[in-house]
Amino acid sequence: MKVVIIGGVAGGASAAARLRRLDEHAQIVMIERSGYVSYANCGLPYYIGGTITDRSKLTLQTPESFRARFDIDVRVRQEAIAIDPEARTVTVRRLDDGSEYIEGYDKLILSPGARPVMPGLPGEDGERLFTLRTVEDTYRIADFVERERPGRVTVVGAGFIGLEMAENLRERGLDVTVVQRGDHVLPIFDADMAALLHNHLREHGVELPLNANVTGFAEHDGVVATSLADGRVIESDMVMLSIGVAPESTLAREAGLELGLRGSIKVDASMRTSDEHIYAVGDAVEVVNVVTEAPALIALAGPANKQGRIAANAICGRESAFAGSQGSSVLKLFELDAAATGLTLTGARRAGLDADAVVLSPANHATYYPGAETMTLKVVFERQTGRILGGQAIGRGGVDKRIDVLAVAVRARMTASDLAELDLAYAPPYSSAKDPVNMAGFMIENILEGLVDQVGWDEALALSTADENVALLDTRTAGEHARGGIEGALHIPVDELRERLEELPRDKRLLVFCASGLRSYVSCRILAQHGFTCANIAGGYSFHAQVERGGAVPHTCVGDCGLPVGA
């Protein structure tokens with residue numbers, strides 16, 4: 001059997017290695033357009049930033065190491081330019097001299113990846129504009145920074161690559177502006193959670209224009225002017241274009257293979273395309289979202305590795321299935337870790353699910369043990385069933401652990417009760433006896449069982465303004481209230497609430513908040529059992545203040561929320 005693999009990195013390289021482990025006698029040929037067949041593409045920004053200093057560390061395997069260990073014929077700087085499915089051949093061009101040859105196959109695996117999206121704007125082909133996809137791109141950017149010593153960079157797009165480049169170039173001392181077309185960075189987060197990242201970026205000196213549409217670029221005297229639709233012009237010494245990726249499916253389309261979402265390659269669960277002899281893996285293929293069961297494009301290394309293994313299994317007669325992807329991911333952004341899995345609340349509702357979310361701000365480990373840090377955790381659930389639909393977490397430690405647990409919960413279709421009952425590892429340096437994931441389960445259970453009603457901050461503020469039968473109640477301490485609060489809110493600390501119930505209007509619905517949401521929950525339980533109608537405001541005032549400071553909601557609070565009083 002002869003297997004030709006077009007493209008290396010995560011999907012192609014994992015398929016090649018798995019094929020050899022299953023079939024010692026197969027002839028395996030890998031064709032890679034770049035000069036590097038297996039490299040740490042997720043580590044590329046960190047080489048530019050100087051965290052990774054040895055170029056050789058970016059290369060996971062070489063043609064020589066593939067040959068030595070796996071007896072695989074790896075051909076770099078060769079590009080597959082056509083597929084003939086009937087003849088089962090691939091036309092290959094040697095990039096060094098332009099010559100071409102025909103390579104036959106019994107089975108073919110496509111692993112072409114995704115290409116950076118170009119906006120189609122004037123000036124985007126300038127010499128000081130860069131995209132990051134390959135090792136060669138990395139060296140070109142790093143060499144430019146070293147040679148030209150730029151002082152300013154404009155990053156267009158605030159996805160993973162955009163923010164990682166912003167961090168790494170800022171760490172190298174550049175002034176960084178991140179231009180984001182939407183109202184928040186990282187669409188894998190809801191706007192309120194992303195606002196915490198906005199604050200952190202700005203605290204580190206990164207300029208962050210939101211809702212900013214780029215209209216073109218103009219280069220003059222070594223300076224690139226990035227024009228925005230509102231008339232602003234941002235000048236910098238270089239521009240990073242990071243506005244997204246698109247499936248690299250040209251070969252598949254020209255070969256007549258069936259395509260799916262946004263031109264991606266359509267495959268079955270065993271990674272077969274519409275041609276039984278051709279498989280496809282990685283960022284170029286359409287997958288199933290495990291939560292919605294709808295077609296999706298999720299360009300991540302983890303799924304690509306699994307898909308390569310599954311395709312190799314099928315070729316060797318060991319059928320297995322790729323069940324889909326949920327986009328589990330984690331990002332380092334200066335001192336913060338940000339991670340997510342499954343659906344956002346916005347995405348869940350857009351998909352037609354009756355969804356809600358809880359927001360909590362627990363410590364990453366026992367508070368009495370030195371070094372505890374507060375994280376913010378948002379867990380999305382389905383109202384009718386309590387099924388966990390997704391999670392988002394931001395903090396300075398322990399974030400990846402909680403998202404990994406929630407990722408399992410999403411994949412296993414677990415409910416809030418399952419979260420509450422999870423038996424998770426505990427010792428004071430690592431967690432609390434009631435882990436944040438358990439706490440999220442408890443909170444969702446309380447809502448589903450009717451022990452407490454819940455509203456979000458946007459709904460609470462809108463109701464308190466428009467409905468005279470609604471009042472806000474602040475149950476924080478006097479000291480907390482003095483430092484900042486919501487204008488017009490009633491204030492009674494939770495520890496004084498039972499003795500001061502007569503001060504509260506019984507003809508109004510009370511929307512209750514504290515700093516984090518815990519004391520306001522206790523307050524709601526007191527109030528409900530004394531005949532009041534009330535609801536807990538999710539997230540607490542501290543979360544609301546951070547969201548406001550991040551620019552995700554209109555300014556409503558006064559005091560120390562981080563904005564001038566009356567702004």
*Asks:* CG/Asp435 to CG/Leu424 distance, rounded to the nearest 0.5 angstrom?
*Replies:* 5.0 Å

*Asks:* Can you name the closest pair of heavy atoms from Pro428 and Tyr369 and give their distance?
*Replies:* O-CB, 3.8 Å

*Asks:* Look at the side chain of Glu32 and the backbone N and O of Gly8, then say whether any donor-acceptor pair between them is shorter than 3.5 Å.
*Replies:* yes

*Asks:* Do side-chain atoms of Asn199 reach the backbone of Gln546 as a donor and acceptor pair under 3.5 angstrom?
*Replies:* yes

*Asks:* Does the side chain of Leu169 reach to within under 4.5 Å of the side chain of Val145, using non-hydrogen atoms?
*Replies:* yes

*Asks:* Is there a side-chain contact (heavy atoms from CB on, under 4.5 Å) between Ile188 and Ser329 once you walk through the steps?
*Replies:* CA-CA 9 Å; Ile188 62 168; Ser329 51; 3.3 Å; yes

*Asks:* Once you round to the nearest 0.5 Å, how far does CD1 of Ile243 lie from CD1 of Ile161?
*Replies:* 13.5 Å

*Asks:* Counting heavy atoms not belonging to Phe144, are there more than 12 under 6.0 Å from its CZ?
*Replies:* yes

*Asks:* Tell me, do Met165 and Phe130 make a side-chain contact under 4.5 Å, heavy atoms counted?
*Replies:* no

*Asks:* Tell me if the aromatic rings of Tyr139 and Tyr47 count as close, with their centers under 6.0 Å from one another.
*Replies:* yes

*Asks:* Might you work through the side-chain contact (heavy atoms from CB on, under 4.5 Å) test for Val437 and Leu422, ending with a clear yes or no?
*Replies:* CA-CA 8 Å; Val437 172; Leu422 282 177; 4.1 Å; yes

*Asks:* Verify the neighbour count for atom CZ of Arg396: are there more than 12 heavy atoms of other residues, nucleotides or ligands below 6.0 Å?
*Replies:* yes

*Asks:* Can any side-chain N or O of Gln326 pair as donor or acceptor with the backbone N or O of Ala407 at less than 3.5 Å?
*Replies:* yes

*Asks:* If you define the side chain from C-beta out and look only at heavy atoms, does anything of Pro45 sit under 4.5 Å from Phe160?
*Replies:* no

*Asks:* Give the intermediate values and the outcome of side-chain hydrogen bond (donor to acceptor under 3.5 Å, both in side chains) for residues Arg140 and Thr134.
*Replies:* CA-CA 10 Å; Arg140 190 163 67 96; Thr134 66; over 6 Å; no

*Asks:* Could you pull out the closest heavy-atom pair between Tyr426 and Ser432, with the gap in Å?
*Replies:* CD1-C, 3.3 Å

*Asks:* Below 4.5 Å, heavy atoms only, C-beta onward: do Val245 and Asp283 meet side chain to side chain?
*Replies:* no

*Asks:* Should Leu210 and His198 be marked as a side-chain contact (heavy atoms from CB on, under 4.5 Å) after you check the CA-CA gap, both sets of side-chain angles, and the distance that decides it?
*Replies:* CA-CA 10 Å; Leu210 299 172; His198 299 173; 3.6 Å; yes

*Asks:* Taking the side chain as everything from C-beta on, heavy atoms only, tell me whether Pro303 gets closer than 4.5 Å to Gln307.
*Replies:* yes

*Asks:* Answer yes or no: is there a donor N or O on one side and an acceptor on the other, between the side chain of Arg253 and the main chain of Gly263, under 3.5 Å?
*Replies:* no

*Asks:* Closer than 3.5 angstrom, by distance alone: can the side chain of Arg202 be matched with the main-chain N or O of Leu208 as a donor-acceptor pair?
*Replies:* yes

*Asks:* Please report the interatomic distance CD(Gln392) to CG(Leu343), rounded to the nearest 0.5 Å.
*Replies:* 10.0 Å

*Asks:* Might you point out which heavy atoms bring Ala80 and Val90 nearest each other, and give the distance in Å?
*Replies:* CB-CG1, 3.7 Å

*Asks:* At what distance, to the nearest 0.5 angstrom, does CG of Asn289 lie from CD1 of Ile298?
*Replies:* 5.0 Å

*Asks:* Flag the pair Ile394 / Phe189 as yes when at least one side-chain heavy-atom distance between them is below 4.5 Å, and no otherwise.
*Replies:* yes

*Asks:* Output the distance between atom CG (Leu406) and atom OG (Ser328), rounded to the nearest 0.5 Å.
*Replies:* 9.5 Å

*Asks:* Hey, could you give me the CD/CG distance between Glu207 and Asp175, rounded to the nearest 0.5 Å?
*Replies:* 8.5 Å

*Asks:* Would you check, one step at a time, whether the test side-chain contact (heavy atoms from CB on, under 4.5 Å) holds for Tyr279 with Ile310?
*Replies:* CA-CA 10 Å; Tyr279 296 73; Ile310 289 168; over 6 Å; no

*Asks:* Are the side chains of Arg20 and Asp71 in touch, meaning some heavy atoms are under 4.5 Å apart?
*Replies:* yes

*Asks:* Does Glu146 use its side chain to pair, donor to acceptor, with the backbone of Ala142 at less than 3.5 Å?
*Replies:* no

*Asks:* Working note: Arg94 + Asp96, criterion salt bridge (charged side-chain N to carboxylate O under 4.0 Å, His left out); need CA distance, chi angles, decisive distance, verdict.
*Replies:* CA-CA 6 Å; Arg94 299 181 181 92; Asp96 289 336; over 6 Å; no

*Asks:* Under 6.0 Å from the CZ atom of Arg172, do we count more than 12 heavy atoms belonging to anything else shown?
*Replies:* yes

*Asks:* Applying side chain to side chain contact (heavy atoms under 4.5 Å, CB included) between Ile31 and each of Ile5, Val76, Val92, report the one that passes.
*Replies:* Val92

*Asks:* Report yes or no: does His220 contribute a side-chain atom to a donor-acceptor pair with the main-chain N or O of Ala225 at less than 3.5 Å?
*Replies:* no

*Asks:* Does any donor atom in the side chain of Glu167 or His204 lie under 3.5 Å from an acceptor atom in the other side chain?
*Replies:* no

*Asks:* Which atom pair, heavy atoms only, marks the closest approach of Leu110 to Ala252?
*Replies:* CD1-CB, 4.1 Å

*Asks:* Does a side-chain N-to-carboxylate-O contact under 4.0 Å join Glu203 and Arg549?
*Replies:* yes

*Asks:* Among Arg349, Lys378, Arg350, which one satisfies salt bridge (charged side-chain N to carboxylate O under 4.0 Å, His left out) with Asp190?
*Replies:* Lys378

*Asks:* Treating Thr346 as the side-chain partner and Thr344 as the backbone partner, does any N or O pair qualify as donor plus acceptor under 3.5 Å?
*Replies:* no

*Asks:* Give a yes or no on whether the backbone of Asp237 and the side-chain of Arg128 come within a donor-acceptor separation of less than 3.5 Å.
*Replies:* yes

*Asks:* Taking side chain to side chain contact (heavy atoms under 4.5 Å, CB included) as the criterion, tell me which of Ile141, Val223, Thr154 meets it with Met238.
*Replies:* Ile141

*Asks:* Looking at Glu286 and Gly260, would you say the former's side chain and the latter's main chain have a donor-acceptor pair under 3.5 Å?
*Replies:* no

*Asks:* If you take all heavy atoms of Val178 and Gly157, which pair is closest and at what distance?
*Replies:* CG1-O, 4.0 Å

*Asks:* Where is the tightest heavy-atom contact between Ala323 and Arg411, given as atom of each residue plus distance?
*Replies:* CB-NH1, 4.0 Å

*Asks:* Got Thr131 and Met118 here, is their nearest side-chain heavy-atom distance under 4.5 Å?
*Replies:* yes

